[in-house]
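All remarks here apply to the structure that follows.
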2 protein chains.
Amino acid sequence: MTRIPQRTVERFFRYCQFLHSRLEAGGEFVFSHELAAAVGVSPEQVRRDLMNFRLKGTPQRGYPIKEFMTELYSHLESESLTKMVLVGVGNLGKAILSYFLKRRPNLSIVAAFDQDPEKVNRVYSGCQVHHIGQLEKFVAREKAAVGIITVPASAAQEAADMLVRAGVRGIVNFAPAQLKLPPGVFLEQLDITLSIEKAAYFARKTKIKE
Amino acid sequence: MTRIPQRTVERFFRYCQFLHSRLEAGGEFVFSHELAAAVGVSPEQVRRDLMNFRLKGTPQRGYPIKEFMTELYSHLESESLTKMVLVGVGNLGKAILSYFLKRRPNLSIVAAFDQDPEKVNRVYSGCQVHHIGQLEKFVAREKAAVGIITVPASAAQEAADMLVRAGVRGIVNFAPAQLKLPPGVFLEQLDITLSIEKAAYFARKTKIKE
DNA sequence: TTATTAACGTTAATTAATTAACGTTGACTA
DNA sequence: TAGTCAACGTTAATTAATTAACGTTAATAA
């Protein structure tokens, strides 16, 4: 299969989000301009994106949502459950746990870890918290594929090392620290503060023009 | 001045982050390969980026950090304080408030808003929570430039409308909802769940290659 | 039946971003 | 004082991503 561009994949998750609600509302078809409006891009872009997935629509009805979703998931999601773990049960960690509560069928956070004895053995949003010392054993046994790091910057590398040793294939890092990972482990860096700073910058710049 | 590419601006905040700690540690100069390692890009990219800001370095010492920072802030940050407000004091909101505690001199979250009477008038990380009903008046009076939305998706558009009416120029939206904003208001969409889903996808894809 | 039309699907053109190439600089050394 | 070298700075080449253009399709209605 032909390679799908990064950006396209990102948009696909957003299309998907919208289609889910649409499907629930009983819709069977969707037009490119509807998808476009829903995620804030141009209809041309939508059609361009859909081409990559070989999805066909008709001028009269648009694209069949069911097929869309099936095709989409066949590309974007494994058939089996992808297990994730979360390291660091602070405010951000708790927020993420609550977001992921029964959201996607084949993707879930199966455990959380923290060093604070106060938090260990508690359950947040249906997710059990274990002591950080158990992490490696647990991840290796459960074959968790992704680790989410929400610890302070100073502890991020250590957390990453543990996750890598235990065999995760991807890491989502919320700590403002540049992680050193072996090749083959996917890294998604998500610095919230940085994003807000960026927005503040562009908000100032965006004056007259558009 | 020549226009600076989006991506470059994003990287600049990361360079800046690193340089800050470097400066504190007493460093005066920095090489492109050091910056590159610190933020995870190639040295060529760093030099390319620095070109946009007309920053000069010498082969022997690299770039002078002080000048770098000065130049950088003159572009990226206003001289006066940029005020931001946060709407929705849930776990994510609290996390953001704590991150922004005395982090940048000219950028701060001056107030938070929530509808829950339980939270109103409390103080989180040095930030006072007001009732959502006060938002418009407050934002207009204080001339806050950026609004950060951390409410549930169903309430996001309403929050955005209030912020826009009160005159913000930029919005950072964490809710998984496509906001409709008038042109001229900068929007930064930050869907955490989506990012994690994306990472899970790429983690599965990244097998042998790379 | 055929004209109309709205939206698709593809190719092409443009623009943005990254990577590579390579000449330049200036401290250091023989 | 000339050679070396590491890192800069610029231009050029490549690649990725977006936007535009336009022919195609099939339902509808004259």
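Below, read A as the first sequence line, B as the second, and so on, with proteins coming before strands; counting in each chain starts at 1. Computation of the quantities below employed the complete heavy-atom set of this structure, encompassing side-chain atoms and omitting hydrogens, waters and symmetry-equivalent molecules.
- Residues forming a ring-ring contact (aromatic ring centres under 6.0 Å, His included) with B:F18 (at least two apart in sequence, or on another chain): none.
- Within the 4.0 Å cut-off from OP1 or OP2 of D:dA7, not a single side-chain nitrogen or oxygen of B:K56 is found.
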Any chance you could list the contact pattern along nucleotides 17-30 of chain C? Use B for base contacts, S for sugar-phosphate-only contacts and - for none, protein heavy atoms under 4.0 Å, 5' to 3'.
SSB-----BBS---
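- Distance CZ (B:F53) to C1' (D:dG9): 16 Å, rounded to an integer number of Å.
- If you check residues 30-40 of chain B against DNA chain C, you find no residue with a heavy atom closer than 4.0 Å.
- With sequence neighbours excluded, the residues forming a side chain to side chain donor-acceptor pair (under 3.5 Å) with A:Q189 are A:N173, listed by chain and number.
- Evaluation of the salt bridge (Lys or Arg N to Asp or Glu O under 4.0 Å) test over residues 11-32 of chain B, restricted to residues two or more places apart or in two chains, returns B:R11-B:D49, B:R22-B:E34.
- For B:E10, the side chain to side chain donor-acceptor pair (under 3.5 Å) criterion is met by A:K198, not counting sequence neighbours.
- Scanning for salt bridge (Lys or Arg N to Asp or Glu O under 4.0 Å) contacts around A:E44 gives an empty result, with sequence neighbours left out.
- In this structure, B:R54 atom CZ and D:dC8 atom C1' are separated by 16 Å, rounded to whole Å.
- Of the side-chain N and O atoms in A:Y63, one or more sit less than 4.0 angstrom from OP1 or OP2 of C:dG9.
- Residue pairs meeting the salt bridge (Lys or Arg N to Asp or Glu O under 4.0 Å) criterion with at least one member in residues 136-154 of chain A, sequence neighbours excluded: A:K83-A:E142, A:E136-A:R165.
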Below 3.5 Å, can you tabulate the donor-acceptor pairs from side chains in residues 86-98 of chain A to any protein atom, sequence neighbours excluded?
residue, atom, partner, partner atom, Å
A:S98, OG, A:A95, O, 2.8

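- For B:F138 and B:F113, the ring centers sit closer than 6.0 Å to each other.
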